[in-house]
Amino acid sequence: MIKVLIADDQELIRQSLQIVLGVEKDLQIMEPAANGLEVIRAVRREKPDVILMDIRMPEMDGVVCTQIIKENYPDIKIIILTTFDDDEYVFNALKYGASGYLLKGISTKELAEDIRKVHHGTAMINEDIASKVVRLFSRMAQNNFSIQVDERQTGDLKTAERQLIALVGRGLSNKEIAGKLSLSEGTVRNSLSTVLGKLGLRDRTQLAIWAVQTGMVNADPGEDAR
């Protein structure tokens, strides 16, 4: 059973998410929180597995709340729910360890499935906004936030792995990458895990940022990985 905490300052959204996610048999929906302070109290009291976190909330916003939770409870996964009006907020939430972000209005089926994926360690980025994600990462790379990878670690990357990194940096899902490179999704998942291990990176989000920072996102996927 996956314990899910919903955090949003709008009562209608809290109640709606409670209802639609409450029918999922493997999700246990906790009493929701209306602001960051309530989230912190709920985390200390009940230890959720996944938090659906709004960005703009009174008392304490989702960015500060994400930072505090990840510093003290690193195993708790956080998904930012956004209308994508708040690029800078999203950037900071990712920097502090959020596992991804989704657009409000996502279908119930997709949201439930994304919660399961994040709970099992996958970083989620809504495919509908992949192009904007890349632009956001580009701005992040030009500012003061960087992902550090030792040059010696990059020397072991194979051509196919560099192609994979480029496609992750462009915001493609595993399914889309599999289609581009004529691989199975299982092979893509395994290759991604290998790449993260080689580079010493935590997750897909860090890899995407690093791909933009280094320019590897512009690599040509080519045909030789097929």
Side-chain angles (χ1 to χ4, degrees), residues 1-9 13-14 17 27-102 104 111 114-126 133 136-137 139-150 153 168 192-193 195-197 199-213:
M1 187 71 72
I2 303 172
K3 292 176 67 176
V4 180
L5 174 62
I6 298 163
D8 199 293
D9 64 335
I13 291 179
R14 294 196 304 271
L17 288 174
L27 303 183
Q28 177 185 342
I29 311 304
M30 299 168 49
E31 185 68 24
N35 59 63
L37 292 179
E38 290 186 7
V39 172
I40 299 298
R41 287 194 287 266
V43 166
R44 289 172 178 164
R45 187 173 60 247
E46 300 186 59
K47 303 293 191 305
D49 298 306
V50 178
I51 301 174
L52 300 180
M53 183 86 75
D54 187 22
I55 286 288
R56 292 192 175 183
M57 297 184 291
E59 306 294 338
M60 178 190 293
D61 67 37
V63 173
V64 175
C65 190
T66 295
Q67 181 181 13
I68 292 172
I69 291 171
K70 295 302 290 186
E71 285 177 352
N72 293 279
Y73 305 94
D75 292 336
I76 293 178
K77 303 298 193 300
I78 298 175
I79 300 174
I80 300 300
L81 288 176
T82 179
T83 56
F84 226 91
D85 294 326
D86 306 310
D87 292 6
E88 191 66 23
Y89 284 87
V90 174
F91 154 46
N92 284 317
L94 290 173
K95 179 174 70 173
Y96 291 132
S99 295
Y101 55 96
L102 302 172
K104 287 182 177 178
L111 180 56
D114 287 344
I115 289 171
R116 296 181 185 104
K117 288 179 180 178
V118 165
H119 180 246
H120 288 100
T122 301
M124 294 305 304
I125 297 175
N126 191 293
V133 169
L136 172 59
F137 286 160
R139 288 205 305 277
M140 291 163 62
Q142 292 163 9
N143 292 324
N144 61 356
F145 177 57
S146 62
I147 299 294
Q148 300 298 325
V149 172
D150 192 308
Q153 295 169 282
V168 169
L192 181 58
S193 179
V195 167
L196 292 173
L199 299 178
L201 297 179
R202 184 185 64 229
D203 54 34
R204 187 190 199 96
T205 302
Q206 285 193 339
L207 181 62
I209 296 169
W210 181 76
V212 173
Q213 288 175 177

| query | Do L111 and L17 have side chains that get closer than 4.5 Å, going by heavy atoms? | reply | yes

| request: Please tell me if the side chains of L199 and Q206 come closer than 4.5 Å, counting only heavy atoms from C-beta onward. | output: no

| remark: Between the NZ atom in K77 and the CG atom in L52, the distance rounded to the nearest 0.5 Å is 14.0 Å

| query | Rounded to the nearest 0.5 Å, what separation is found between the OG1 atom of T66 and the CD1 atom of I78? | reply | 4.0 Å

| note | For G36 and C65 the tightest heavy-atom approach is O-SG, 3.7 Å

| Nearest heavy-atom neighbours spanning Y101 and I79 | CA-CG2, 4.4 Å

| field | Gap between atom CG of D49 and atom CG of D75 - 0.5 Å precision | value | 10.0 Å

| task | For the residue pair M53 and I80, establish whether any side-chain heavy-atom pair is separated by less than 4.5 Å. | result | yes

| field | Taking every non-hydrogen atom, the tightest pair across V39 and A7 | value | CG2-CB, 3.4 Å

| Flag side-chain contact, heavy atom, 4.5 Å: V43 against N72 | no

| query | Should I55 and D61 count as side-chain neighbours, where that means a heavy-atom distance under 4.5 Å? | reply | no

| Of the non-hydrogen atoms in K47 and K3, which two are nearest, and what is the gap between them? | O-NZ, 3.9 Å

| message | Quick check for you: to the nearest 0.5 Å, what is the distance between M57 atom CE and D8 atom CG? | response | 7.5 Å

| message | Counting C-beta onward and ignoring hydrogens, is there a side-chain heavy-atom pair between Y96 and E71 closer than 4.5 Å? | response | no

| field | Distance, nearest 0.5 Å, that separates CG of D9 from CZ of R14 | value | 7.5 Å

| Under 3.5 Å donor-acceptor, D114 side chain and K117 backbone | no

| field | Smallest separation among heavy atoms of L5 and A42, with atom names | value | CD2-CB, 3.9 Å

| request: Among L196, L192, V195, find the one that has a side-chain contact (heavy atoms from CB on, under 4.5 Å) with R204. | output: L192

| field | Gap separating the OG atom of S99 from the NZ atom of K70, nearest 0.5 angstrom | value | 5.0 Å

| said: Is any side-chain heavy atom of D54 closer than 4.5 Å to one of K104? | reply: yes

